[in-house]
Amino acid sequence: MRLALEEPGAPCDAVPNGRGQRQQRIPACLRLDPAGQMPLSETPDGAVFGTAAILPWLAGRQGARPRPDEPARGVFPKSLVFTSNRLHAGLQLRFCPARHDGSDPAAPRTAPRTMPEQMAAERARHLGRADRNADDREEGVTVLKLYPGGLLRRRSPCSRGETDWFRPGDCPGLAWLCDTIEARAGTRAAGAEALVLPFTAPVPAQSPEGAAG
C-alpha cells in the first residue's frame with residue numbers, strides 16, 4: 001500500500017502497524033476499522049480500510065493509475081475483485097494457515113478448515129490468471145499491478161522459507177512485474193523496507209515502518 005501511495009506522489013505518513021503484536025486491534029484502530037484489519041488509511045474523506053477499498057480511492061482522488069480516462073479503468077473493478085477475493089484470499093491460506101484451520105484462538109469462529117491439495121490447485125490457477133493480467137507490459141504499472149507485486153513480496157517473510165509455490169520461471173508476467181516494481185522511483189522513495197531486492201529476492205523486513213504491502 002505504501003508503494004501505491006508513492007506512485008502518484010500522494011502525501012502520506014507511514015505509521016508502524018505492529019501487526020505481530022496485534023496493534024491493529026487496539027481501541028484507537030478499532031474506532032477507525034471495527035474489523036481490526038490492515039492496511040488502514042486516514043484520508044480527507046474519512047478512514048478507508050482494506051486494499052480493495054484504498055486502491056480505488058487512490059485512483060479516483062490522488063491521480064494514481066489507472067486514471068478515469070484510461071482504457072484500463074474499464075477492467076479495473078473486476079480485476080481488483082479477482083485479486084482481492086481470489087488471489088489474496090487464497091494466498092492468505094498459505095501465509096496464515098492458523099487463521100483458517102481452527103488452530104488460532106483469535107481467528108473468527110467461522111474460519112473454514114483448509115484442504116491442502118485443493119488449495120494448492122486453486123492457488124496455481126489464481127497465480128496463472130494474475131500472471132496473464134500482469135503481462136500487459138505496454139500498460140505499464142498501475143496501482144492494481146502493485147497489488148499482486150506486494151503479495152509476492154511476502155512470499156519469503158510469510159512462508160518461512162517454503163517458496164516452492166511460486167517459481168518466477170513459471171510466471172513470466174509476474175516475474176517481469178517484480179523486476180519492474182523494484183526499479184520504480186516509488187519503491188526507492190518508500191525505502192522498500194531497506195532491502196536490496198525487495199520483490200525479486202524478498203527476505204523478512206527489519207523496517208521501523210512495518211511491513212510493506
Side-chain angles (χ1 to χ4, degrees), residues 1-4 6-7 39 51-52 55 64-66 70-72 75-76 78-101 114-207 210-213:
M1 190 52 60
R2 177 73 184 278
L3 299 182
E6 293 290 350
E7 278 292 313
T51 304
L55 292 183
R65 298 187 57 223
E70 291 186 287
V75 299
F76 180 58
K78 68 177 183 181
S79 295
L80 178 62
V81 169
F82 159 74
T83 305
S84 177
N85 291 4
R86 298 296 183 181
L87 181 63
H88 192 168
L91 290 178
Q92 279 291 91
L93 294 175
R94 180 65 183 81
F95 295 149
C96 308
R99 286 190 55 81
H100 303 279
D101 65 8
T114 62
M115 294 171 283
E117 292 183 2
Q118 179 180 344
M119 291 298 101
E122 288 282 309
R123 185 166 57 244
R125 185 163 63 253
H126 298 331
L127 282 170
R129 178 173 172 181
D131 183 63
R132 294 189 294 273
N133 291 344
D135 209 24
D136 184 354
R137 306 186 187 192
E138 292 185 3
E139 179 188 60
V141 175
T142 67
V143 290
L144 182 58
K145 287 187 176 180
L146 292 173
Y147 193 173
L151 294 175
L152 294 176
R153 155 78 191 98
R154 299 170 61 188
R155 66 185 183 273
S156 176
C158 296
S159 296
R160 298 174 177 84
E162 300 174 10
T163 58
D164 58 333
W165 55 270
F166 174 70
R167 297 182 178 89
D170 295 337
C171 300
L174 290 173
W176 167 82
L177 182 63
C178 288
D179 282 331
T180 301
I181 294 175
E182 209 161 68
R184 303 287 289 183
T187 303
R188 295 191 296 273
E193 301 180 338
L195 302 174
V196 178
L197 298 172
F199 294 95
T200 58
V203 296
Q206 301 296 329
S207 168

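Please read these numbers as outputs of a predicted model, since none were measured by experiment.
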K.L.:
Grab the two heavy atoms, one from S84 and one from A52, that are nearest each other, plus how far apart they are.
P.N.:
OG-CB, 3.7 Å
K.L.:
Taking NZ, NE, NH1 and NH2 as the nitrogens, is one of them in D131 or R129 under 4.0 Å from a carboxylate oxygen of the other?
P.N.:
no
K.L.:
Please name the pair of heavy atoms, one in V143 and one in A4, separated by the smallest distance, quoted to 0.1 Å.
P.N.:
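Heavy atoms of V143 and A4 come nearest at CG1-CB, 4.1 Å.
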K.L.:
Nearest 0.5 Å, what's the CD-CG distance between E6 and L146?
P.N.:
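If we round to the nearest 0.5 Å, E6:CD and L146:CG are 11.0 Å apart.
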K.L.:
For K145, which of L174, T83, T180, D136 qualifies under side-chain contact (heavy atoms from CB on, under 4.5 Å)?
P.N.:
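The side-chain contact (heavy atoms from CB on, under 4.5 Å) with K145 is passed solely by D136 among L174, T83, T180, D136.
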K.L.:
Out of curiosity, Y147 OH to L55 CG, how far, rounded to the nearest 0.5 Å?
P.N.:
7.5 Å
K.L.:
So how far is it from L80 CG to H88 NE2, rounded to the nearest 0.5 Å?
P.N.:
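Between atom CG of L80 and atom NE2 of H88 there are 11.5 Å.
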K.L.:
Report yes if the side chains of D135 and R137 come closer than 4.5 Å at any heavy-atom pair, otherwise no.
P.N.:
yes
K.L.:
Between T187 and A183, is there a donor-acceptor pair closer than 3.5 Å when you use the side chain of the first and the backbone of the second?
P.N.:
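Between the backbone of A183 and the side chain of T187 there is no qualifying donor-acceptor contact (under 3.5 Å).
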K.L.:
Flag the pair V141 / R184 as yes when at least one side-chain heavy-atom distance between them is below 4.5 Å, and no otherwise.
P.N.:
yes
K.L.:
With the side chain counted from C-beta on, respond yes when L177 and F199 share a heavy-atom pair under 4.5 Å apart, and no when they do not.
P.N.:
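In short, these two side chains do not touch, never coming nearer than 4.5 Å.
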K.L.:
For the atom pair CG (L152) and CG (L87), what is the distance rounded to the nearest 0.5 Å?
P.N.:
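Interatomic distance, L152 CG to L87 CG, rounded to 0.5 Å: 7.5 Å.
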K.L.:
Look up atom OG in S79 and atom CG in N133, then write down how far apart they are to the nearest 0.5 Å.
P.N.:
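The CG atom of N133 is 5.0 Å from OG of S79, to the nearest 0.5 Å.
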